[in-house]
Amino acid sequence: MAISTGTIVVIVIAAIAVIYVVKGFKIVPQSETRVVERLGRYDRTLQSGINYLFPIIDRAREVYQRDEVRYADGTKLAVLRTTSRIDLREQVYDFDKQSVITKDNVTTTINALLYFQIVDPVKSVYEIDNLPNAIEKLTQTTLRNVIGELELDETLTSRDTINSKLRAVLDEATNKWGVKVNRVELQDITPPESVRRTMELQMQAERERRAKVLEAEGQKEAMILKSEGEKASQINQAEAEKQTQILKAQGEADAKILQAAAEAEAITRVSEAIAKSKTDPATYMLLTKYVETLKEIGASGQAKTVFLPFEASNLVGALGSLTELIDKSKKK
């Protein structure tokens, strides 16, 4: 059965229509978008999911995208390519090292990391021609300006300050491009070799100075502690001697009090005995001294023979009687 020419034309038109319809379907991944132009003018921004573009009259606007190519030796190369995809995720650009001059005229090599995010795809397409290149050049010039206001020592010790200044300037400049700069990080700051050697010598001298200061402070603290210890020791020793003397004096006083009490008791008893024996007190005292003198004469090493008068026997007898009375009174 032969197919007529009209049927073939209809089939061809139908196939073209099917292809036309199918080709218009576009699937946009999550966190991506497309800027669609209709007959050369902005029409709409595609959302993630299935979208339909009318072929011939609708097309996605192509933009520049920055990609990094890494080689086997570890080197990398940034290349630009065109694409209709606009990535809405946070992106990071690792810029090559560049030479900047500090306020004190020291040439330093610095490379920075830039974290940014496209928040308005329409502005990123129509407000700037080459967004990756513009961000890179703006970052380089801003970095030179910020570092040029600082001396080398400030540059090495004020990374957070530099990062904050760079982020503020870049965020303000890229706002009209629909870009939000989240943060900027200085990855490496490399001063010249001669400056590094000088800095190492300075650091070594500073460490030695700090070591000497710490040693001197340690010796000072040791001397202070030693003197305080000696002071405390002397105070404790003086306090101990004081307590010893006080206790000794108290002991001597107590001993004298007891001795005085004993003597008073003895005198009282002797007086009572003398009163009972009706002996003259003067006679008793004389007899006592007499007996003590005899003891001393008898204890002398040169005395061989002692002669006593006859009257002495009477005195001794009287003294013996008196002594017996005193002993009886003590027993009572």
Side-chain angles (χ1 to χ4, degrees), residues 20-71 76-98 110-143 145-146 159-160 162-188:
Y20 182 86
V21 172
V22 173
K23 189 177 180 181
F25 285 100
K26 299 292 182 184
I27 298 178
V28 179
Q30 185 69 33
S31 300
E32 290 185 6
T33 188
R34 307 282 193 279
V35 173
V36 177
E37 295 178 343
R38 176 167 294 178
L39 299 177
R41 297 184 63 179
Y42 170 74
D43 182 65
R44 65 188 183 277
T45 302
L46 300 183
Q47 303 297 324
S48 58
I50 299 177
N51 296 270
Y52 186 78
L53 301 181
F54 293 99
I56 301 175
I57 63 173
D58 289 345
R59 73 179 185 88
R61 177 68 179 264
E62 291 189 347
V63 295
Y64 289 98
Q65 182 174 339
R66 185 178 186 272
D67 292 330
E68 290 184 356
V69 179
R70 293 184 178 272
Y71 297 98
K76 60 183 179 179
L77 178 65
V79 295
L80 292 177
R81 63 183 181 88
T82 57
T83 179
S84 61
R85 297 173 53 253
I86 299 177
D87 198 336
L88 300 179
R89 296 172 298 180
E90 186 176 21
Q91 303 177 54
V92 56
Y93 282 179
D94 186 1
F95 299 117
D96 295 332
K97 293 183 178 180
Q98 60 174 327
I110 298 178
N111 72 316
L113 294 175
L114 177 67
Y115 296 83
F116 71 95
Q117 188 174 10
I118 296 176
V119 295
D120 191 337
V122 177
K123 287 185 178 181
S124 68
V125 173
Y126 293 107
E127 294 295 335
I128 189 69
D129 177 36
N130 189 336
L131 181 62
N133 186 58
I135 291 177
E136 181 178 1
K137 299 304 179 184
L138 179 62
T139 303
Q140 291 175 351
T141 55
T142 305
L143 182 60
N145 293 334
V146 173
R159 292 198 178 194
D160 292 339
I162 297 173
N163 295 339
S164 299
K165 288 183 178 180
L166 285 173
R167 193 202 66 80
V169 174
L170 292 174
D171 188 41
E172 182 179 0
T174 58
N175 185 47
K176 62 176 297 186
W177 301 339
V179 174
K180 173 66 176 177
V181 176
N182 295 326
R183 59 188 181 276
V184 181
E185 300 289 343
L186 297 183
Q187 192 171 7
D188 290 321

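Count residues from 1 along the sequence. Just so it is clear, the values below take in all heavy atoms, side chains as well, and ignore hydrogens, waters and symmetry mates.
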Counting distance only, does the side-chain N/O of [X] pair as donor-acceptor with the main-chain N or O of [Y] below 3.5 Å?
X: Q117; Y: L88; result: yes
X: D188; Y: N111; result: no
X: T33; Y: L46; result: yes
X: D87; Y: R85; result: no

Closest contact, heavy atoms only, [X] versus [Y]:
X: R34; Y: V28; value: NH1-CG1, 4.0 Å
X: L138; Y: T141; value: O-OG1, 3.0 Å
X: I118; Y: S124; value: CG2-OG, 3.8 Å
X: G49; Y: N51; value: O-ND2, 3.3 Å
X: S48; Y: P29; value: CB-O, 3.6 Å
X: Y52; Y: F25; value: CD1-N, 3.7 Å

Measure the spacing between [atom1] of [X] and [atom2] of [Y] and express it to the nearest 0.5 Å.
X: R159; Y: E185; atom1: CZ; atom2: CD; result: 9.5 Å
X: E136; Y: R66; atom1: CD; atom2: CZ; result: 5.0 Å
X: E62; Y: T83; atom1: CD; atom2: OG1; result: 7.0 Å
X: L131; Y: Q65; atom1: CG; atom2: CD; result: 11.0 Å
X: R167; Y: E172; atom1: CZ; atom2: CD; result: 11.0 Å
X: T139; Y: L166; atom1: OG1; atom2: CG; result: 8.0 Å

(request) Verify side-chain contact (heavy atoms from CB on, under 4.5 Å) between L143 and L186, making sure each step is shown before the conclusion. (result) CA-CA 10 Å; L143 182 60; L186 297 183; 3.8 Å; yes
(request) Before giving the answer on side-chain contact (heavy atoms from CB on, under 4.5 Å), spell out for F116 and T174 the whole-Å C-alpha distance, their side-chain angles and the decisive distance to 0.1 Å. (result) CA-CA 10 Å; F116 71 95; T174 58; over 6 Å; no
(request) Write out all pairs satisfying side chain to side chain donor-acceptor pair (under 3.5 Å) with one or both partners inside residues 35-45, taking only residues at least two apart or from two chains. (result)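 Residue pairs passing side chain to side chain donor-acceptor pair (under 3.5 Å), neighbours aside: E37-R59, E37-R61, E37-Y126, R38-D58, Y42-T45.
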(request) Report the C-alpha separation of Q187 and D94 in whole Å, then their side-chain angles, then the decisive distance to 0.1 Å, and conclude whether the side-chain contact (heavy atoms from CB on, under 4.5 Å) test is met. (result) CA-CA 9 Å; Q187 192 171 7; D94 186 1; 3.4 Å; yes
(message) Check this for me: R81, atom CZ, are more than 12 non-hydrogen atoms of other residues, nucleotides or ligands nearer than 6.0 Å?
(response)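 More than 12 heavy atoms, drawn from other residues, nucleotides or ligands, come within 6.0 Å of this atom.
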(message) I'd like to check the salt bridge (charged side-chain N to carboxylate O under 4.0 Å, His left out) partners of K180; sequence neighbours left out, ordered by chain and number.
(response)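 Counting only residues at least two positions away or on another chain, K180 forms a salt bridge (charged side-chain N to carboxylate O under 4.0 Å, His left out) with D171.
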(request) For Y64, enumerate each residue passing the ring-ring contact (aromatic ring centres under 6.0 Å, His included) test, keeping only those at least two apart in sequence or located in another chain. (result)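 Y64 satisfies ring-ring contact (aromatic ring centres under 6.0 Å, His included) with no residue once adjacent residues are dropped.
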